[in-house]
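In what follows, a single structure is set out as structure tokens and then discussed.
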Amino acid sequence: MRIRAAALLPLCACLLGACNAQRPMASYDAEGRRQIAAGDLNGAETTYRKYVDRRPQSAQGHFGLGRALSAQGRHLAASQEFKLATQIDGANEEYFEAYCQSLLSAERHDELLTVLRRRANGSRDGRDYQRLARFAEESGTAEEALDALLTWARIDRGRSVEPQLALANFYRRVGDGEKESMRLRAILYIDPANREATDRLRDRGEITGESLAIQPPEQIQ
């Protein structure tokens with residue numbers, strides 16, 4: 001009986017390996033997500049490591065492993081997985097956002113800002129400048145945050161409310177009421193019916209009306 005049992009061990013191992021090899025890849029991600037939701041972070045890490053071992057070029061696999069590591073507070077290790085996911089699928093905003101957030105949580109501010117500057121350099125996508133501004137401000141670099149928002153407004157040429165509002169919000173946070181008011185008035189030039197700009201200007205004691213709107217400086221340049 002002992003001889004038979006010993007002889008069966010390699011066969012069982014072989015069958016187990018075959019089962020793992022045949023397991024659908026989507027099942028790893030589904031299991032990992034359930035484990036993270038249930039708080040089984042070690043289990044999720046194990047599941048996602050199996051995923052990337054089988055499919056090392058899976059952005060989804062590396063993203064899942066990054067989430068499992070991040071949930072454990074292992075932010076630097078998580079950033080490496082998010083970085084791989086971003087390198088594999090550079091168009092995925094969720095992957096890149098997670099990469100940046102993990103670098104911020106790991107207090108790798110210089111590395112974070114380098115990554116964000118590289119992404120924004122030459123970009124025509126306002127999200128890249130908005131993200132650079134947000135993380136720069138959270139990293140304690142308000143001057144760079146302002147520069148990113150001004151660059152966004154210049155690229156937009158003063159045509160959209162979003163960059164003007166982002167600038168107004170920035171100036172409110174740093175206590176520059178005069179410049180906040182100017183950007184709110186610029187919003188009314190773009191969108192005379194904008195309720196948020198109207199309410200905020202009224203709260204500041206300014207009488208709203210057509211004469212209050214001013215042309216955004218980016219349209220004048």
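As a basis for the values below, the full set of heavy atoms in this structure was taken, side chains included, without hydrogen atoms, waters or symmetry mates.
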Residues 28-37 vs salt bridge (charged side-chain N to carboxylate O under 4.0 Å, His left out), sequence neighbours excluded, gives R23-E31, D29-R33

Any donor-acceptor pair under 3.5 Å linking the side chain of [X] with the backbone of [Y]?
{"X": "H62", "Y": "P56", "answer": "yes"}
{"X": "Q164", "Y": "S160", "answer": "no"}
{"X": "E206", "Y": "L201", "answer": "no"}

Carefully, step by step, assess R154 and T151 under the rule side chain to side chain donor-acceptor pair (under 3.5 Å).
CA-CA 5 Å; R154 283 195 296 271; T151 300; 3.1 Å; yes

Closest heavy-atom contact between [X] and [Y]?
{"X": "A44", "Y": "I36", "result": "CB-CG1, 3.6 Å"}
{"X": "A136", "Y": "A145", "result": "CB-N, 3.8 Å"}
{"X": "A153", "Y": "E218", "result": "O-CG, 3.4 Å"}
{"X": "A78", "Y": "G66", "result": "CB-O, 3.4 Å"}

Is there a salt bridge (Lys or Arg N to Asp or Glu O under 4.0 Å) between D53 and K50? Walk through the geometry before answering.
CA-CA 5 Å; D53 283 346; K50 291 178 181 178; over 6 Å; no

Using a side-chain heavy atom cutoff under 4.5 Å and only I, L, V, M, F, W and Y, what cluster partners does V174 have?
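In the cluster with V174 are Y129, L146, L149, L150, W152, I155, L167, F170, Y171.
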
Cluster partners of L103, using ILVMFWY side-chain heavy atoms under 4.5 angstrom, listed by chain and number?
F63, F82, Y95, F96, Y99, L104, L112, L113, V115, L116, L132, F135

Does D128 form a side-chain contact (heavy atoms from CB on, under 4.5 Å) with D125? I'd like the steps, not just the answer.
CA-CA 6 Å; D128 293 327; D125 190 337; 3.6 Å; yes

Salt bridge (Lys or Arg N to Asp or Glu O under 4.0 Å) evaluation trace for R74 with E45:
CA-CA 11 Å; R74 296 160 62 188; E45 180 184 350; 2.9 Å; yes

Out of curiosity, [X] [atom1] to [Y] [atom2], how far, rounded to the nearest 0.5 Å?
{"X": "R49", "Y": "E81", "atom1": "CZ", "atom2": "CD", "result": "6.5 Å"}
{"X": "S58", "Y": "L65", "atom1": "OG", "atom2": "CG", "result": "10.5 Å"}
{"X": "E178", "Y": "R183", "atom1": "CD", "atom2": "CZ", "result": "12.5 Å"}
{"X": "L41", "Y": "Q35", "atom1": "CG", "atom2": "CD", "result": "9.5 Å"}
{"X": "R108", "Y": "S102", "atom1": "CZ", "atom2": "OG", "result": "10.5 Å"}
{"X": "L76", "Y": "E107", "atom1": "CG", "atom2": "CD", "result": "11.5 Å"}

Could you tell me whether D110 atom CG has more than 12 heavy atoms of other residues or ligands within 6.0 Å of it?
no

Check this for me, if you would: do [X] and [Y] make a salt bridge, where the nitrogen-to-carboxylate-oxygen distance has to be below 4.0 angstrom?
{"X": "R173", "Y": "E137", "result": "yes"}
{"X": "E180", "Y": "R204", "result": "yes"}
{"X": "R119", "Y": "E93", "result": "yes"}

Indicate whether the side chain of N169 and that of R200 have a donor and an acceptor atom separated by less than 3.5 Å.
yes

Please walk me through it: do N42 and Q72 pass side-chain contact (heavy atoms from CB on, under 4.5 Å)?
CA-CA 8 Å; N42 290 329; Q72 296 176 53; 3.7 Å; yes

Please determine whether residues L69 and L84 belong to a single hydrophobic cluster, defined as Ile, Leu, Val, Met, Phe, Trp and Tyr linked transitively by side-chain heavy-atom distances below 4.5 Å.
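No, L69 does not connect to L84 through the hydrophobic network.
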
Same apolar cluster: L212 and L184, side chain cutoff 4.5 Å:
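In one cluster with L212: L184, yes.
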
Derivation of the side-chain contact (heavy atoms from CB on, under 4.5 Å) call for T86 and N92
CA-CA 7 Å; T86 298; N92 191 299; over 6 Å; no

P216 and R159, any side-chain heavy atoms less than 4.5 Å apart
no

Please walk me through it: do E97 and R134 pass salt bridge (Lys or Arg N to Asp or Glu O under 4.0 Å)?
CA-CA 11 Å; E97 179 72 21; R134 173 163 50 87; 3.0 Å; yes

